[in-house]
Amino acid sequence: MNPDEIVAAVGESRPRIEGRLKVSGSAHYVADLPMPNLAHGWMVTAAVSRGRIRDIDATDALAQPGVLGVLDHRNTRRLNPDIAHHFGPDRSLPLLQDEVIEYAGRPIALVVAETPEQARAAAAALRVTYDAKPHDIEFSMNHPATRPASTLFGPEADTGDLEAELAGSAMVVDELYHTPEESHSAMEPHVATAWWEDGHLYAFDSNQGPFGISQVMASLFLIDPERVHIRAEHVGGGFGAKTICGAQIILAALAAEHLQRPVRVALTRRQVFLATGSRPPTEQRVRIGADADGRLRAIHHHAAFAQSPLAEYIEWCTEQARTLYAAPAIRTELSAVPLNLLPPCSMRGPGASPGSFAFESAIDEVAERLQIDPLQLRLLNQPVVSPVSGRPFSTRRLVQCLQEGARRFGWAQRDPRPRVRREGNLLVGTGVAAVAFIAGVFPSSAAITAETDGTFSVRVGATDIGTGARTALIAVAADALAVGTERVRMHIGDSDLGLAAGAGGSRGTTSCAFAITETAKALREKLGDSARPVTASVDTTPLINWQPAEERYTYSAVFAEVTVDPATGEVRVRRLLGMFAVGRVINPLLARSQLIGGMIGGLSMALHEESVRDPLTGRLVTADFAGYHISAHADVPTIEADFVADYEPQDPSGFNGLGEIGNAGTAAAIANAVWHATGTRHRTLPISLSRVIERAAAQDRPEAVSVA
Amino acid sequence: MRAFAYQRTTQIRDALNLIAQHDGARFLAGGTNLVDLMKAGVESPARLVDIRSLALGEIGETPDGGLVLGATATNSAVAADAQVRLRYPALSQAILAGASGQLRNMATVGGNLLQRTRCAYFADPSEACNRRVPGSGCSAINGAHHNHAILDWTEHCVATHPSDMAVPLSAFDAVVRYETLDGTGEIPLSEFYLPVGNRPDRETALPDGALITAVVIPAAAVASKSRYRKVRERASYAFATVSVAAALDVQQGLVQDVRLALGGVASRPWRARLAESALRGGPATAERISAAADVEIAAAEPLRDNAYKVTLARNLIEAVLTELAADAGEESNG
Ligand SMILES: Cc1cc2nc3c(=O)[nH]c(=O)nc-3n(C[C@H](O)[C@H](O)[C@H](O)COP(=O)(O)OP(=O)(O)OC[C@H]3O[C@@H](n4cnc5c(N)ncnc54)[C@H](O)[C@@H]3O)c2cc1C
Ligand code: SF4
């Protein structure tokens, strides 16, 4: 091992090592993994938004060919009712335990048969009757049931004298912003295969963190966590929807135990929409007071989101307000509104994405009303230390992002007045948004074995949900071991590999990279000229400083150019540029692809995505891709995502996560560009044509035509 | 499992017999709509008679200079056909604005005309829907109907017809040719789709068991100066919110002929005859175009949540006719 001969792998652009397998169809996802003696479960979901199951008549279903059984609340074993998940107590997890229904789409039965087709046909013959009760899906921050949200993520901000600063401000923006319920829509539907052996539960499951899921499953089934073994080798996307312990694995495990044979539960696209979590709708009030010269004096961001009465959840929308700009008074508030909706779960930059839309739109409104360039306003109010905690930032390269982005985008040529740029019938506008995204690591462990053939087996419970995490971690391990990447054998995606952060919270790769780096250090100290394999392992739990002296964030500046046809309301994004400060970049090729994907997610959120429920029944109407629109290829312009040089001092290798930041600022940048194009401020997402269309006003009519 | 029989035949007569002899038998063309609905449980035919091997795939000319589109010609083939592109450009544009390349390669002329509505309640057998189950009620009228009809609906159904292709065909006075065991027949497209009335499940005037054999488009000089514009909720791969097929012929400053039809606004392609007659014979000025759009749209009755479609339909008529008038202006100047 001569370090001088090794080219550093970190910092190099390399394609995903499993890319070839994936594009040639030979990477095995959960539903592709063969299993002898497999039975198939078909999930049945509640058709009412609130009430009780009166009866489930399975007579006809059981008489159908191939049917092995029907599980419902009357014949299913008891699960732990006192289960908790990421955000606190979660009564949505114990499935098939009682007749209570709190949302449409709640799994209420599983029909198991020899083939999926038989199970599906039998499920159609199940006769479910309900005693429906009045439900409530009317979301509003003024709902009588609104209450403070969980403070698990820390207290909300309250510094300075907010009302006095507002009163002393030359100008106050006070507006409401709305974002709808949304659905993650990962490409691979949720699927699990579970089986039991000698009191151990085994499962292949499409999830974002098998270790965490194994802990929840152990608690739910009241067994020793050592007896739960979950694998997730290849996962076809998650966007947060697979951070939770999904219905598919719970139902598969219940049925496998009941029938004493392996059971697969593969959800259809429709079932994914109906039953696997969502981003909750939000309503956000932002008040910002400023002096005439653009100095901010007061920031108040109050965000409310919907959640289920069954489970605690946090859509942490208020993060931008407490860190992006300096102001003598900053207050944030977060409220939860329990409603009869699908229990939400983290989605593509949870909190930050809807929060940034509201907050960075409001900042733009300050610029608009003071007639200050929105980029200048943002630069003018940069804090030196955290405006709420007073702590310094470990690195903060937001200004560089804004300035370099502005240079590349050609911001200096922008006419600040709205509705002045025209191309034929189209209105053209540009907008910007800044983002801060909280960074850090979660406890994780790794084990590395120096094999006798000169290779190194790295075992870490990381998950690669398509981002290239596996490839990134190989580079990290190679550099930490001072060997070439060809000598690294990476094993991930298995709960038996031990404690590991899931691919979520933008922390999967950084957390596991930290564990790998520390383990490599320990191994190198152990290595002699041993003829036998040598293994070292490290758990980073005691190494993590939960009270660092400095605040740790990643940053970005997003620039957007849009065209709007006021006669039809069609908005098209023509250019998107994101400049990112995300620590030292492990693999620029994969990082850029992740960020571009995030920006497309933000575009989709800005213009298209919206789950629609029937106003009377509360059932989801948009439970397929014909109804739930995500941006199509033709909606996606050329996107540029690039990095400013950055290094995170809190990480031994200078890394930070970048999983979700691409998503966060894009909606606000687009909304601000739509304002610049049209002169109309859109405070409700999505900015759909029905909201943008204008009754043709005389001056916007196309030139009068007369044919002589 | 829902078992069904499947047969493929090469003779029209055999196909008609199979349908006549078996209850619940249905023609299968590209299958892009029927098979989807079978999977959703909306359709459950006992037998599928595959008609793709019938000799009905030709696109040819009629003696008087019109075109005949064979019923099993694929949407891709029609869109790419040189005569279609030259003489009926709006038809080619409309087809290409629909679905995706893969779907258009499978979808056929006959199947396209007979595709069912995209109302989400229709596609979900657990919901009440008069069009699927007569008398069960209409979930959309007070439900989610953001993209439903603004013209000619009844309290029994407020759904729209989803076809793009049918919109220019309606503007060009196309005629549907069919065959039954009793012989052949023709129905003008304007009479092909039945008004909603109180039986939205009765969608067309096609006799029971009839096979569409072709669609005939009469010759029309104006059609070569036509265009299709489709507005939808994203840039591609979505059904129309509102679409317009229009053709305009201006001679010596006066509108000689004009054709206008709308998609996405009613249970059938909406031929805008009021706007047409408002324009015919006069100059194609901005004021007259605008007035024609207003006249057509005056009858619109939006539902609770789709008033924006009235504005959209109006603006789109105006925009497309204005573009065509500008083209005509350039031609006469140049
Ligand atoms: C994802 C998706 C997106 C789409 N987007 C669009 C769009 O944007 N615009 C658009 O216009 N369409 C769109 N479509 C619909 C598509 O155009 C239709 O599904 C297609 O045209 C149907 O043709 P087919 O040959 O596949 O019909 P099939 O599915 O085979 O048949 C449809 C019906 O017609 C009957 N039938 C077929 N041929 C005959 C015949 N010759 N005589 C009598 N009966 C017959 C069948 O029995 C059946 O009832 C989309 C479809 C999908 C799946
Ligand atoms: S609009 Fe028509 S298709 Fe839709 S639910 Fe009502 S009856 Fe059914």
Side-chain angles (χ1 to χ4, degrees), chain A residues 47 64-66 113 115 117-122 124 268 270 425 565-570 572-573 604 607-608 610 612-617 619-627 629-636 686 688-696 700-708, chain B residues 1-2 39-41 100 118 120-121 123-127 139-140 142-144 146-147 229 231-239 241-242 250 252-255 283-287 289-290 293 304-309 311-312 314-316 318-319 321-323 325-326 328-333:
Chain A
Q64 298 230 359
T115 71
E117 293 80 8
Q118 290 170 333
R120 178 180 203 163
T268 61
R270 187 176 165 76
N425 295 336
D565 184 338
T568 62
E570 292 164 297
R572 299 279 187 264
V573 178
S604 203
L607 301 184
H608 302 123
E610 178 170 25
V612 177
R613 288 182 180 275
D614 183 276
L616 304 177
T617 66
R619 290 196 287 252
L620 200 60
V621 181
T622 50
D624 60 26
F625 283 141
H629 281 165
I630 56 177
S631 299
H633 283 295
D635 291 292
V636 178
S688 57
L689 62 94
S690 60
R691 297 192 161 111
V692 179
I693 187 168
E694 300 173 11
R695 170 89 192 157
D700 280 322
R701 288 244 170 89
E703 294 300 303
V705 188
S706 55
V707 183
Chain B
M1 277 189 287
R2 284 189 293 263
K39 288 196 230 166
S100 67
R118 291 283 159 172
Y121 300 102
D124 180 352
S126 65
E127 302 285 351
S139 297
N142 293 315
H146 180 261
N147 201 13
R229 177 132 176 237
V231 172
R232 45 195 143 172
E233 288 177 351
R234 59 183 169 190
S236 80
Y237 209 33
F239 288 89
T241 302
V242 176
V250 183
Q252 275 93 45
L254 299 179
V255 173
T285 57
E287 292 69 30
I289 287 174
S290 178
R304 184 194 64 225
D305 288 334
N306 70 358
Y308 76 99
K309 287 180 77 164
T311 312
L312 178 56
R314 193 215 153 276
N315 290 356
L316 207 54
E318 182 175 73
L321 287 174
T322 304
E323 286 168 23
E330 267 163 35
E331 244 169 60
S332 67
N333 295 337

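So that the names make sense, note that chain A is the first sequence line, chain B the second, and so on, each numbered from 1. Since this is a predicted model, take the numbers as computed values, not measurements.
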Which atoms of B:Leu312 approach chain A - backbone, side chain, both or neither, heavy atom under 4.5 Å: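 Answer is both: backbone and side chain atoms of B:Leu312 are under 4.5 Å from chain A.
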
Under 4.5 Å from a heavy atom of chain A, the part of B:Tyr121 involved: side chain

Given heavy-atom pairs under 4.5 angstrom as the criterion, report whether the side chain, backbone, both or neither of [X] touches chain B.
X: A:Arg691; result: neither
X: A:His629; result: both
X: A:Ser690; result: both

What's the shortest heavy-atom distance between [X] and [Y], and which atoms?
X: A:Ala634; Y: B:Ser236; value: CB-OG, 3.7 Å
X: B:Tyr308; Y: A:Ile693; value: O-CD1, 4.0 Å
X: A:Arg619; Y: B:Ser126; value: NH2-O, 4.1 Å
X: A:Pro615; Y: B:Ala144; value: CD-N, 4.0 Å

Closest-packed option against chain A by number of heavy-atom pairs under 4.5 Å, given B:Gly143, B:Pro125, B:Ala238, B:Ala120: B:Gly143

Most chain A-contacting option - heavy-atom pairs closer than 4.5 Å, from B:His146, B:Glu127, B:Arg118: B:Glu127

Partners meeting side chain to side chain donor-acceptor pair (under 3.5 Å) with A:Arg613 (sequence neighbours left out): A:Glu181

All side chain to side chain donor-acceptor pair (under 3.5 Å) counterparts of A:Arg572, not counting sequence neighbours: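 Partners of A:Arg572 under the side chain to side chain donor-acceptor pair (under 3.5 Å) test: A:Glu570.
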
Is a side-chain N or O of [X] found less than 3.5 angstrom from the main chain of [Y], in a donor-acceptor match?
X: B:Asp124; Y: A:Val621; answer: no
X: B:Arg234; Y: A:Ile630; answer: yes
X: B:Asn315; Y: A:Thr568; answer: no

Distance (rounded to the nearest 0.5 Å) between B:Glu323 CD and A:Asn425 CG: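 That separation rounds to 7.0 Å.
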
Working for salt bridge (Lys or Arg N to Asp or Glu O under 4.0 Å), residues A:Asp565 and B:Arg229: CA-CA 13 Å; A:Asp565 184 338; B:Arg229 177 132 176 237; 3.0 Å; yes

